[in-house]
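Positions are given from 1, in the same order as the sequence printed here. Just so it is clear, the model here is predicted, and its values are computed rather than measured.
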Amino acid sequence: MSIKEETVAVPKSGLYFTGKDVQQARRNIEIYPWAREKYEALRRACDEHLQLSDEHLYRVVLGMKDATFAYGISGCPKCGQPFPLELEDQLGMFSSISEWPRKP
């Protein structure tokens with residue numbers, strides 16, 4: 001006889017944010033317009049990523065295997081050139097998310 005276990009997703013916290021941090025953020029979203037605006041912008045960005053092709057995302061993430069670039073500090077993992085410091089100089093280096101394949 002097989003017993004089906006039901007799993008429930010449990011948000012993980014504590015690495016960067018404590019439970020108290022999350023509670024405070026929720027209160028801020030309810031009270032402050034600026035917090036609600038930031039939350040909605042972040043949610044839209046996350047929703048956009050959820051529409052991307054799973055295969056493409058796996059290739060993007062797994063394609064970085066053995067690449068160390070520590071948030072751009074050590075430069076491009078392909079050519080070794082340092083990343084430009086100015087945001088305007090970085091813009092041409094990356095494709096837009098709008099160009100990535102979407103789920104059917």
- prompt: Would you find more than 12 non-hydrogen atoms of other residues, nucleotides or ligands less than 6.0 Å from Arg102 atom CZ?
  reply: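 Enclosed: over 12 neighbouring heavy atoms sit under 6.0 Å from CZ of Arg102.
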
- prompt: With sequence neighbours excluded, what pairs up with Ala35 under the side-chain contact (heavy atoms from CB on, under 4.5 Å) test?
  reply: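 Residues passing side-chain contact (heavy atoms from CB on, under 4.5 Å) with Ala35: Asn28, Ile29, Tyr32.
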
- prompt: Could Glu30 and Arg26 be called an ion pair, given the rule that one side-chain N must be under 4.0 Å from one carboxylate O?
  reply: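 Not counted as a salt bridge, because no side-chain N and carboxylate O are separated by less than 4.0 Å.
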
message: Assigning hydrophobic clusters by single linkage (Ile, Leu, Val, Met, Phe, Trp, Tyr; side-chain heavy-atom cutoff under 4.5 Å), is Ile31 placed with Trp34?
response: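 Same hydrophobic cluster.
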
query: Shortest non-hydrogen contact from Ala45 to His49?
result: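 Closest approach of Ala45 to His49: O-ND1, 2.9 Å.
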
Atom [atom1] of [X] and atom [atom2] of [Y]: how far apart are they, to the nearest 0.5 Å?
X	Y	atom1	atom2	answer
Cys46	Gln51	SG	CD	12.0 Å
Glu40	Asp47	CD	CG	9.5 Å
His56	Asp54	NE2	CG	11.5 Å

field: Contact check, side chains of Gln23 and Arg27, non-hydrogen atoms, under 4.5 Å
entry: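 Answer yes - side chains close enough.
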
